[in-house]
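Letters go in sequence order (proteins before strands), and every chain restarts at 1. As a basis for the values below, the full set of heavy atoms in this structure was taken, side chains included, without hydrogen atoms, waters or symmetry mates.
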There are 2 protein chains.
Amino acid sequence: MDELDSAIVRELQQDARQTNRALAHKLGVAPSTCLERVRLLHQRGVIRGYHADIDPAALNREVEAFVSVQLRPPSRQVIEGFKAAMFALPQVQAVYVVAGEQDFLVQVSVPSLDALHSFLIDRLTQRREVASFRSQIIYDSARKHVAAPLEPPQ
Amino acid sequence: MDELDSAIVRELQQDARQTNRALAHKLGVAPSTCLERVRLLHQRGVIRGYHADIDPAALNREVEAFVSVQLRPPSRQVIEGFKAAMFALPQVQAVYVVAGEQDFLVQVSVPSLDALHSFLIDRLTQRREVASFRSQIIYDSARKHVAAPLEPPQ
DNA sequence: GCGCCTGCCCGAATAGTGTTCGGCGTCAAC
DNA sequence: GTTGACGCCGAACACTATTCGGGCAGGCGC
């Protein structure tokens, strides 16, 4: 993971579809060198995949929210089961098992506030292991698509 | 946004680097047709970009957490300023302005628990507009990279 | 210092791909 | 039935990915 690898990772986070030649030219190396580096980054698991970023509105998902959930009992079995069940739902974008008062953070995206309400009372309240939940509608968000390596002297 | 567009979007969410020919072959259309569709999806803003998914561990980011923050006063100026300041920090992955008890949800990724602590006391506590905050360390997470269009009869 | 080995990078060659463009079929309107 | 518009197709050409043999530098043993 030298300087060249970092640069490749940065560039591909920014635009995963640029040609290998363009990438090589930007970094000042030969295309064959660049290709080999990318292949190794893949093999080492550094690059996990390439994904298109889609406008949620185009997928009829105008409303996004975080739902934090407390489970009872918070045992391994219950947590794993709940995680799998949530992840299988099409409205669910991401599931986070967290430390704190709440056990789960579930990121959902739905067509409308009505759909969010339906989701909460049909999919969440239904489940007996849900002790309590709290939903936070997302008014505005900003996500980074490119993360740089951090150094310990941070 | 017909069936073919949806299929293209689904495929490119799954693997943004597959060749246009492979994509066309999967969907049973000519490469030229497929290319034109992709171009239009871009132009319409449906496809916002293509990004490599990188293992956080490779970027020296072993610890991830959500930090929920309450601001005082929660005015537009304060919110916008805080959002911009957080987003500029390298440890911050995403910023969400949310409804509820807390005003902000900040997703951070850092090398260690120490680094998280440093971030909280150096970058967050420092700011006068931060009335209170609560951090939730992420034990486990699962994110979807492909989202399907939702229909109103959901 | 000298020679050897290893690892990395390069450039050329080939196979495969992106991209353009003229033409054709289908459908709807009139 | 005729016309126009739209979208899809396939061939052609330029460009790109990918492979592979060779060369260069750095490190190590002697």
Side-chain angles (χ1 to χ4, degrees), chain A residues 1-61 145-153, chain B residues 1-61 111 145-152:
Chain A
M1 202 64 191
D2 60 2
E3 190 53 47
L4 182 53
D5 282 336
S6 292
I8 290 175
V9 162
R10 172 168 37 80
E11 284 296 328
L12 289 181
Q13 280 180 296
Q14 221 149 53
D15 178 8
R17 276 216 122 179
Q18 60 186 306
T19 66
N20 183 56
R21 281 177 115 86
L23 187 58
H25 185 253
K26 273 186 205 170
L27 307 184
V29 296
S32 52
T33 303
C34 198
L35 193 72
E36 178 67 5
R37 290 294 194 118
V38 171
R39 214 175 53 77
L40 287 176
L41 286 169
H42 235 118
Q43 195 176 309
R44 275 190 278 150
V46 174
I47 297 176
R48 299 196 290 199
Y50 307 97
H51 307 287
D53 177 30
I54 305 299
D55 180 8
L59 301 174
N60 195 27
R61 295 161 180 270
H145 290 111
V146 43
L150 291 181
E151 288 310 315
Chain B
M1 203 63 191
D2 60 2
E3 189 53 46
L4 182 54
D5 282 337
S6 293
I8 290 174
V9 163
R10 172 168 36 81
E11 284 296 327
L12 288 181
Q13 279 180 296
Q14 222 149 53
D15 178 7
R17 276 217 123 179
Q18 61 187 307
T19 66
N20 183 55
R21 285 176 113 90
L23 187 57
H25 185 253
K26 273 186 205 170
L27 308 184
V29 296
S32 51
T33 303
C34 198
L35 192 72
E36 178 67 5
R37 289 295 194 118
V38 172
R39 215 174 53 79
L40 287 175
L41 285 168
H42 235 119
Q43 196 175 308
R44 275 190 276 152
V46 174
I47 297 176
R48 300 195 289 199
Y50 306 97
H51 307 287
D53 177 30
I54 305 298
D55 180 9
L59 301 174
N60 195 27
R61 295 162 181 268
H145 290 111
V146 45
L150 290 182
E151 288 310 315

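- Of all the residues in residues 14-35 of chain A, A:Thr19, A:Asn20, A:Arg21, A:Ser32, A:Leu35 reach under 4.0 Å from DNA chain D with at least one non-hydrogen atom.
- With sequence neighbours excluded, the residues satisfying side-chain contact (heavy atoms from CB on, under 4.5 Å) with A:Ala7 are A:Arg10, A:Leu27.
- For residues 43-52 of chain A, proximity to DNA chain D is found at no residue, defined as any non-hydrogen atom under 4.0 angstrom from a strand atom.
- Residue pairs meeting the ring pair (Phe, Tyr, Trp, His ring centres under 6.0 Å) criterion with at least one partner in residues 21-42 of chain A, sequence neighbours excluded, are A:His42-A:Tyr50.
- Relative to the axis of its first five pairs, the axis of the last five pairs of the helix from C:dG1-D:dC30 to C:dC30-D:dG1 sits at 30°, rounded to 10 degrees.
- Checked against side-chain hydrogen bond (donor to acceptor under 3.5 Å, both in side chains), B:Arg17 has no partners two or more places apart in sequence or in another chain.
- Between B:Pro111 and B:Arg61 there is no side-chain heavy-atom pair separated by less than 4.5 Å.
- B:Ala24 meets the side-chain contact (heavy atoms from CB on, under 4.5 Å) test with B:Val29, B:Pro31, B:Cys34; sequence neighbours excluded.
- Taking CG from B:Leu150 and CG from A:Asn60, the interatomic distance works out to 6.0 Å, rounded to the nearest 0.5 Å.
- Backbone-only engagement by A:Arg37 is indicated by non-hydrogen atom pairs under 4.0 Å involving sugar-phosphate atoms exclusively.
- Residues passing the side-chain hydrogen bond (donor to acceptor under 3.5 Å, both in side chains) test with B:Arg37 are B:Asp2, B:Asp5, sequence neighbours excluded.
- Taking atom CD of residue B:Glu36 and atom C1' of nucleotide C:dT19, one finds them 11 Å apart after rounding to whole Å.
- The nearest heavy atom of DNA chain C to A:Leu4 and to B:Arg39 marks one nucleotide each, and the one closer to the 5' end goes with A:Leu4.
- Residues A:Ala147 and B:Leu59 share a closest heavy-atom pair of O-CD1, 3.5 Å.
- For B:Asp53, the side-chain hydrogen bond (donor to acceptor under 3.5 Å, both in side chains) partners two or more places apart in sequence, or in a different chain, are A:Arg48.
- Atom pair B:Leu40:CG and C:dT20:C1' shows a separation of 15 Å (rounding to whole Å applied).
- Side chain of A:His145 to main chain of A:Gln14: no donor-acceptor pair is present (N/O by atom type, distance under 3.5 Å, no hydrogens or angles).
- The side chain to side chain contact (heavy atoms under 4.5 Å, CB included) with B:Val38 is formed by just one residue from the set B:Leu12, B:Thr33, B:Val46, B:Val9; it is B:Leu12.
- Annotation: side-chain contact (heavy atoms from CB on, under 4.5 Å) contacts of B:Gln43 (sequence neighbours excluded): B:Arg39, B:Leu40.
- Applying the side-chain hydrogen bond (donor to acceptor under 3.5 Å, both in side chains) criterion to A:Glu11, with sequence neighbours excluded, gives A:Gln18, A:Lys26.
- Scanning DNA chain D 5' to 3' for nucleotides with an atom closer than 4.0 angstrom to a non-hydrogen atom of chain A gives a first and last hit of D:dT16 to D:dT19.
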